[in-house]
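Whatever order the structure lists them in is the order used to number ligands and atoms, beginning at 1.
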Amino acid sequence: MPLIVVTGLPTSGKTTRAKQLHDYLAARIDDAKQRLHLVSDDSLSISRAVYDLSPDKVPAHTRSANASEKDARAAVYGAVKRVLSDRDFVILDGPNYIKGWRYQLHCEAKAVRTPSCILQIGCSPETARRVNQERLRDCPDEAYEPANWDNLVFRYEEPNPMARWDSPLFTLIWDDDAAQTRKTFDALWEALAGDGRPAVRPNQ
Ligand code: ADP
Ligand code: MG
């Protein structure tokens with residue numbers, strides 16, 4: 001069953017949408033035959049600091065700024081791989097901003113003959129920045145350091161619906177209400193779990 005890769009800017013609403021999708025799928029799946037998993041940086045206790053490339057923020061004993069993010073991706077990869085199968089729905093909530101990384105996840109799904117898709121959380125950088133600033137003030141543990149936030153936005157590689165590893169691509173924007181969100185989730189369900197879903201061949 002599908003791997004659903006959530007992607008979006010930092011503090012763009014990814015976790016909020018991932019939880020909504022989790023609730024939607026929990027109500028739709030056949031518990032006797034299918035299982036549902038939500039894998040995220042939070043569920044794996046991955047700190048937002050792993051994305052910070054500022055030289056002065058590299059934790060002690062870490063090889064380089066890049067290494068902490070690579071180690072985090074390896075942990076996410078392992079967690080996805082452990083549960084992904086033709087019986088399991090897996091929602092991966094995280095930045096997932098590197099196209100090579102999304103390609104790797106797509107291949108992993110193919111290897112177990114299950115479809116994958118991207119759920120892009122569309123949000124203007126201004127809105128996402130405001131959310132981060134509010135968090136820095138109200139709950140700093142859930143915020144990104146401003147330089148880390150800026151750098152993640154700069155590094156973000158937009159999904160491209162023409163690329164097979166970024167398709168099918170579903171998008172929710174900040175203002176999508178419950179009815180629109182449900183429509184998008186219905187379309188996602190039809191494409192990936194409905195009767196007409198295409199067979200997945202590992203060599204495609
Ligand atoms: P991310 O996982 O991308 O960091 P979150 O889902 O944690 O973002 O959301 C950040 C904040 O924005 C939360 O306080 C959340 O309640 C709020 N939020 C997220 N999406 C929306 C939305 N579509 N409309 C209004 N508020 C939202
Ligand atoms: Mg989040």
Notebook entry, point to check: When rounded to the nearest 0.5 angstrom, what is the spacing between CZ in Arg129 and CG in Leu9?
Noted result: 10.5 Å
I'd like the atom pairs linking ligand 1 to the protein - N or O on both sides, separation under 3.5 Å - with distances to 0.1 Å.
| from | atom 1 | to | atom 2 | distance (Å) |
| --- | --- | --- | --- | --- |
| ligand 1 | 2 (O) | Thr15 | N | 2.9 |
| ligand 1 | 2 (O) | Thr15 | OG1 | 2.8 |
| ligand 1 | 3 (O) | Ser12 | N | 3.1 |
| ligand 1 | 3 (O) | Gly13 | N | 3.0 |
| ligand 1 | 3 (O) | Lys14 | N | 2.9 |
| ligand 1 | 3 (O) | Lys14 | NZ | 2.8 |
| ligand 1 | 4 (O) | Thr11 | N | 3.3 |
| ligand 1 | 6 (O) | Thr15 | N | 3.3 |
| ligand 1 | 6 (O) | Thr16 | N | 2.8 |
| ligand 1 | 6 (O) | Thr16 | OG1 | 2.5 |
| ligand 1 | 7 (O) | Arg135 | NH2 | 2.8 |
| ligand 1 | 8 (O) | Gly13 | N | 3.1 |
| ligand 1 | 23 (N) | Trp174 | O | 2.8 |

Checklist line | Carboxylate-amine/guanidinium contact Glu126 Arg130, below 4.0 Å | finding: no
Check: Within the stated cut-off of 2.8 Å, is an N/O/S atom of Ser40 closer than that to the Mg ion (ligand 2)?
Finding: no
Note to self: Quick one about Gln20 and Arg17 (side-chain donor to acceptor, distance below 3.5 Å, no hydrogens or angles considered), yes or no?
What the structure shows: yes
Margin query: What's the separation between atom NZ in Lys19 and atom CD1 in Ile91, rounded to the nearest 0.5 Å?
Written below: 11.5 Å
Check: So with a 6.0 Å cut-off around CZ of Arg182, is the heavy-atom count from everything else above 12?
Finding: no
Notebook entry, point to check: Are any of the side-chain nitrogens in Arg35 or Asp88 under 4.0 Å away from the carboxylate oxygens of its partner?
Noted result: yes
